[in-house]
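Structure first, then comments.
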Amino acid sequence: MGGLRVRQTLKRRGLTDDLIRETVDARDPDDETQVVRELLVRRWSSFARKRDPQASAFGFLARRGFTGNVIWPAIREHVANLPAGEGPEEELPDDPQDSPEDWE
């Protein structure tokens with residue numbers, strides 16, 4: 001669970017703002033980054049089946065309280081490390097020699 005979700009949960013449980021701030025500030029940002037990376041590894045196969053895997057991953061992680069400045073770098077890193085053919089498809093430039101007008 002990310003810092004935003006921790007803050008929300010503690011507030012809902014009635015803790016004071018000072019205690020919540022102290023608790024969230026005590027969390028190691030590197031731990032959050034590592035948790036996001038691990039979640040991406042474990043859940044990527046389900047995101048990959050979606051129309052936009054990166055947006056699905058972002059939504060999943062954001063709902064768990066992670067911030068965009070932790071999520072996006074982890075997603076970019078994860079996608080960059082995917083084996084060939086498993087990353088997002090790149091649009092190939094149109095080949096002018098292969099246009100429908102040339103098919104006749």
Side-chain angles (χ1 to χ4, degrees):
M1 168 177 346
L4 294 174
R5 182 95 174 258
V6 169
R7 182 182 312 272
Q8 182 182 43
T9 300
L10 295 177
K11 188 157 190 84
R12 198 171 346 122
R13 292 186 178 170
L15 275 71
T16 65
D17 288 340
D18 290 337
L19 186 55
I20 292 171
R21 190 176 311 104
E22 186 179 316
T23 302
V24 171
D25 289 347
R27 293 171 52 97
D28 185 355
D30 291 335
D31 288 346
E32 254 191 29
T33 301
Q34 187 58 37
V35 168
V36 167
R37 288 178 180 146
E38 290 169 4
L39 285 168
L40 285 170
V41 168
R42 283 198 325 253
R43 300 290 305 257
W44 191 259
S45 62
S46 66
F47 301 141
R49 291 186 290 247
K50 307 285 183 172
R51 182 169 180 256
D52 187 346
Q54 293 179 42
S56 295
F58 182 89
F60 170 81
L61 294 164
R63 286 188 297 276
R64 277 144 190 83
F66 297 101
T67 60
N69 61 346
V70 173
I71 297 170
W72 282 121
I75 289 174
R76 283 191 289 272
E77 177 185 317
H78 184 78
V79 169
N81 292 325
L82 288 173
E86 289 186 30
E89 294 181 21
E90 296 179 28
E91 286 195 26
L92 300 175
D94 291 335
D95 184 352
Q97 297 176 353
D98 196 22
S99 65
E101 294 84 26
D102 295 334
W103 295 350
E104 297 176 16

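Quick note: residue numbers are just sequence positions, from 1.
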Looking only at heavy atoms, what is the nearest atom pair of [X] and [Y], with distance?
X     : Y     : answer
Leu19 : Leu15 : CD2-CD2, 3.5 Å
Asp17 : Lys11 : OD1-NZ, 2.9 Å
Ala74 : Val36 : CB-CG1, 3.5 Å

Without placing hydrogens or testing angles, list every side-chain donor-acceptor pair under 3.5 Å for residues 58-68, not counting sequence neighbours.
residue	atom	partner	partner atom	Å
Arg63	NH1	Gly59	O	3.2
Arg64	NH1	Phe60	O	2.9
Thr67	OG1	Asn69	OD1	2.3

Should Arg37 and Thr33 count as side-chain neighbours, where that means a heavy-atom distance under 4.5 Å?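 A side-chain contact under 4.5 Å exists here.
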Could you tell me the separation between the [atom1] atom of [X] and the [atom2] atom of [Y], rounded to the nearest 0.5 Å?
X     : Y     : atom1 : atom2 : result
Thr16 : Glu22 : OG1   : CD    : 8.5 Å
Ile20 : Arg12 : CD1   : CZ    : 11.0 Å
Leu10 : Arg21 : CG    : CZ    : 12.5 Å
Asn81 : Trp44 : CG    : CH2   : 11.5 Å

For Asp31, which residues count as a side-chain hydrogen bond (donor to acceptor under 3.5 Å, both in side chains) partner, sequence neighbours excluded?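 Per chain and number, Asp31 pairs via side-chain hydrogen bond (donor to acceptor under 3.5 Å, both in side chains) with no residue.
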Checking Gln8 now: which residues fulfil side-chain hydrogen bond (donor to acceptor under 3.5 Å, both in side chains) with it, not counting sequence neighbours?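 Checked Gln8 against side-chain hydrogen bond (donor to acceptor under 3.5 Å, both in side chains); zero matches.
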Hydrophobic cluster membership, Phe47 vs Leu82, 4.5 Å side-chain cutoff: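 Yes, same cluster.
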Is there a path of hydrophobic side-chain contacts, each under 4.5 Å between heavy atoms of I, L, V, M, F, W or Y residues, that connects Val35 with Trp72?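 Hydrophobic grouping puts Val35 with Trp72.
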